[in-house]
Amino acid sequence: MTLQSSVDTTVESDRVVFEYTVENASDAPEEVQFRSSLLADFALLDGDDEVWRASDGQMFAQMIQNETFGAGETRTFTDEWDDPDPGDYTVVATLNAMGDDAEARTDFSV
């Protein structure tokens, strides 16, 4: 896969907003096959411990769907963590695609 990704965080007084950007860095379209209606997910780590996951407690349609990322096309997925506890964290954003998953991570403090 020629997908590249990055994740940014915006820390606000009552929440942290995550923006996960995935780009097709090639000159040709890239077909991506998703496992379900969950296209991207965010997990928060405190050291090695997962403390929050955006998809926890949610249900998603179990269906395989294909989407084409055009050459140079960028897509952004967002979510937020409400009422965060103070501390130092790592957010791991993943594309819920079959094959080589695109993943990005960054550290942040609340």
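Just so it is clear, the model here is predicted, and its values are computed rather than measured.
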**Message:** Before you tell me yes or no, could you show the steps for T106 and D8 under side-chain contact (heavy atoms from CB on, under 4.5 Å), namely the whole-Å CA-CA distance, both residues' side-chain angles and the distance that decides it to 0.1 Å?
**Reply:** CA-CA 7 Å; T106 194; D8 293 312; over 6 Å; no
**Asked** If you count the non-hydrogen atoms of other residues, nucleotides and ligands that lie under 6.0 Å from CE in M63, is the total more than 12?
**Response** yes
**Interatomic distance, T10 atom OG1 to R15 atom CZ [nearest 0.5 angstrom]** = 9.0 Å
**Prompt:** Is it true that R53 and D41 make a salt bridge, defined as a side-chain N closer than 4.0 Å to a carboxylate O?
**Reply:** yes
**Asked** Is there a donor-acceptor pair under 3.5 Å between the side chain of S36 and the backbone N or O of Q62?
**Response** no
**Message:** With a 3.5 Å distance limit and no angle check, can you tell me whether Q58 reaches the backbone of A54 through a side-chain donor-acceptor pair?
**Reply:** yes
**Prompt:** For the atom pair OG (S37) and CG (N96), what is the distance rounded to the nearest 0.5 Å?
**Reply:** 9.0 Å
**Shared hydrophobic cluster, L45 / F108 (ILVMFWY, side-chain heavy atoms < 4.5 Å)** = no
**Message:** Under the criterion side-chain contact (heavy atoms from CB on, under 4.5 Å), I'd like the reasoning laid out for R35 against I64: C-alpha separation, chi angles, the key distance, then a yes or no.
**Reply:** CA-CA 5 Å; R35 298 179 176 103; I64 293 180; over 6 Å; no
**Asked** Do side-chain atoms of S5 reach the backbone of A102 as a donor and acceptor pair under 3.5 angstrom?
**Response** no
**Request:** May I ask you to test the V92-T94 pair for a side-chain heavy-atom distance under 4.5 Å?
**Result:** yes
**Prompt:** Does some side-chain heavy atom of T78 sit less than 4.5 Å from a side-chain heavy atom of F18?
**Reply:** no
**Complete:** Rounded to the nearest 0.5 Å, the CD atom of E103 sits from the CZ atom of R105 at a distance of 5.0 Å
**Prompt:** At what distance, to the nearest 0.5 angstrom, does CG of N24 lie from CG of L3?
**Reply:** 6.0 Å
**Prompt:** More than 12 foreign heavy atoms under 6.0 Å from CG of D27: is that the case here?
**Reply:** no
**Message:** So T9 and V91, do their side chains get closer than 4.5 Å, heavy atoms only?
**Reply:** yes
**Message:** In the structure I gave you, are the side-chain heavy atoms of F77 and L95 within less than 4.5 Å of one another anywhere?
**Reply:** yes
**Prompt:** Do the side chains of F69 and P29 get nearer than 4.5 Å, heavy atoms only?
**Reply:** no
**Message:** Can you tell me how the ring of W81 sits relative to the ring of Y89, calling it parallel under 30°, perpendicular over 60° and tilted otherwise?
**Reply:** perpendicular
**Asked** Are any of the side-chain nitrogens in R75 or E23 under 4.0 Å away from the carboxylate oxygens of its partner?
**Response** no
**Prompt:** Is W52 linked to F60 within one hydrophobic cluster, defined over Ile, Leu, Val, Met, Phe, Trp and Tyr using a side-chain heavy-atom separation of less than 4.5 Å?
**Reply:** no
**Prompt:** side-chain hydrogen bond (donor to acceptor under 3.5 Å, both in side chains) between N66 and Q33: does it pass, once the steps are laid out?
**Reply:** CA-CA 4 Å; N66 294 324; Q33 190 173 60; 3.3 Å; yes
**Request:** Answer whether the closest heavy-atom distance between the side chains of L44 and F42 falls below 4.5 Å.
**Result:** no
**Message:** For a 4.5 angstrom cut-off between non-hydrogen side-chain atoms, does V22 reach T74?
**Reply:** no
**Item:** Distance in Å, D56 CG paired with E50 CD, rounded so as to fall on 0.5 Å steps
**Value:** 6.5 Å
**Item:** Distance (rounded to the nearest 0.5 Å) between D14 CG and D82 CG
**Value:** 7.0 Å
**Prompt:** Can you check whether M98 reaches F34 side chain to side chain, under 4.5 Å on heavy atoms?
**Reply:** no
